Amino acid sequence: QVQLVESGGGWVQPGGSLTLSCAASRIIFSISTMAWYRQAPGKQREWVAAITSGGTTNYVDFVKGRFTISRDNAKNTVYLRMDSLKPEDTAVYYCNAVDTGHWGQGTQVTVSS
């Protein structure tokens, strides 16, 4: 069964850090570019970052220098390290296997004081 399972969301104060994880089925992970998206209340889902199977990364401008995407191929897991979090980063974060179109269920990130 194909699955993407996110974890690591929660509440954090502005300026804090969180690391999200997405565990994927091996059949997806081994060949796919993996991406993180987010969706804030009342807004459309937006792309945040991506990493190819070879490790090349890309980020949307408003997270550059603050977020880091990485992958552990042995664990079939992709991570999103988020530093210097801002209230506007509050959203449900989703993992996506770009090549197959599969999505995780999402994990809530709330940044507030």
Side-chain angles (χ1 to χ4, degrees):
Q1 183 177 358
V2 174
Q3 280 190 317
L4 296 175
V5 180
E6 299 104 331
S7 60
W11 173 81
V12 64
Q13 292 185 334
S17 299
L18 281 174
T19 298
L20 307 182
S21 300
C22 172
S25 302
R26 185 173 60 87
I27 194 170
I28 298 174
F29 196 83
S30 62
I31 62 171
S32 184
T33 293
M34 301 296 295
W36 287 96
Y37 286 73
R38 71 185 188 186
Q39 187 167 18
K43 296 187 177 181
Q44 290 188 334
R45 191 172 298 188
E46 60 185 0
W47 173 76
V48 175
I51 184 167
T52 67
S53 57
T56 300
T57 60
N58 281 289
Y59 301 90
V60 67
D61 284 347
F62 55 75
V63 304
K64 285 182 179 177
R66 299 191 299 123
F67 291 11
T68 304
I69 189 171
S70 61
R71 64 193 291 159
D72 185 334
N73 291 332
K75 296 182 178 180
N76 299 330
T77 301
V78 61
Y79 304 96
L80 186 68
R81 167 77 179 187
M82 305 183 293
D83 296 314
S84 302
L85 282 162
K86 305 175 182 180
E88 51 264 43
D89 294 317
T90 295
V92 178
Y93 284 71
Y94 296 90
C95 178
N96 170 246
V98 175
D99 296 39
T100 64
H102 290 92
W103 292 88
Q105 82 287 353
T107 185
Q108 176 70 47
V109 172
T110 302
V111 185
S112 72
S113 54

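The model shown is predicted, which means the values in this text are computed figures rather than measured ones.
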| message | Holding to ring pair (Phe, Tyr, Trp, His ring centres under 6.0 Å), I want the full list of residues that pass it with Trp103, two or more places apart in sequence or in another chain. | response |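 Trp103 satisfies ring pair (Phe, Tyr, Trp, His ring centres under 6.0 Å) with Tyr37 only.
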Taking all atoms of both residues into account, what is the closest heavy-atom pair of [X] and [Y], and its distance?
{"X": "Tyr93", "Y": "Leu80", "answer": "CD2-CD2, 4.1 Å"}
{"X": "Tyr94", "Y": "Glu6", "answer": "CA-OE2, 3.3 Å"}
{"X": "Ala35", "Y": "Val98", "answer": "CB-CG2, 3.8 Å"}
{"X": "Leu4", "Y": "Met34", "answer": "CD2-CE, 3.9 Å"}
{"X": "Ser17", "Y": "Val12", "answer": "N-CG2, 3.8 Å"}
{"X": "Pro14", "Y": "Ser113", "answer": "CD-N, 3.7 Å"}

Set of side-chain contact (heavy atoms from CB on, under 4.5 Å) partners for [X], sequence neighbours left out:
{"X": "Thr52", "answer": "Thr33, Thr56"}
{"X": "Lys64", "answer": "Tyr59, Asp61"}
{"X": "Thr110", "answer": "Trp11, Thr90, Gln108, Ser112"}

Backbone of [Y] reached by a side-chain donor or acceptor of [X] within 3.5 Å:
{"X": "Ser25", "Y": "Gln3", "value": "yes"}
{"X": "Asp83", "Y": "Gly16", "value": "no"}
{"X": "Arg66", "Y": "Ser84", "value": "yes"}

| field | Close side-chain approach of Trp36 to Val78, heavy-atom, < 4.5 Å | value |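 SC-SC contact between Trp36 and Val78 confirmed.
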| task | Measure the CZ-CZ distance between Arg38 and Arg45 for me, rounded to the nearest 0.5 Å. | result |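 It comes to 13.0 Å.
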| Out of curiosity, Thr19 OG1 to Met82 CE, how far, rounded to the nearest 0.5 Å? |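 Separation between the atoms: 7.5 Å.
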| query | Only one of Leu18, Val92, Asp89 clears side chain to side chain contact (heavy atoms under 4.5 Å, CB included) with Val109; which? | reply |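 So, applying the side chain to side chain contact (heavy atoms under 4.5 Å, CB included) to Val109 and each of Leu18, Val92, Asp89, only Leu18 qualifies.
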| task | With side-chain contact (heavy atoms from CB on, under 4.5 Å) as the test, would you mind laying out the steps for Lys86 and Phe62 before giving the verdict? | result | CA-CA 11 Å; Lys86 305 175 182 180; Phe62 55 75; over 6 Å; no
| Same apolar cluster: Val60 and Val111, side chain cutoff 4.5 Å |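 Yes: a chain of side-chain contacts under 4.5 Å links Val60 to Val111.
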| message | Could you see if Phe67 belongs to whatever hydrophobic cluster contains Ile69? Use Ile, Leu, Val, Met, Phe, Trp, Tyr and a side-chain cutoff under 4.5 Å. | response |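 Yes, Phe67 and Ile69 fall within the same hydrophobic cluster.
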| If you look only at pairs with a residue in residues 42-113, which of them pass as a disulfide bond (SG atoms under 2.5 Å apart), with sequence neighbours excluded? |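 Listed once each, the pairs are Cys22-Cys95.
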| query | Under the salt bridge (charged side-chain N to carboxylate O under 4.0 Å, His left out) test, which residues partner Asp99, sequence neighbours left out? | reply |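 Not a single residue meets the salt bridge (charged side-chain N to carboxylate O under 4.0 Å, His left out) criterion with Asp99.
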| request: Could you tell me whether Gln44 atom CD has more than 12 heavy atoms of other residues or ligands within 6.0 Å of it? | output: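 No, not enclosed.
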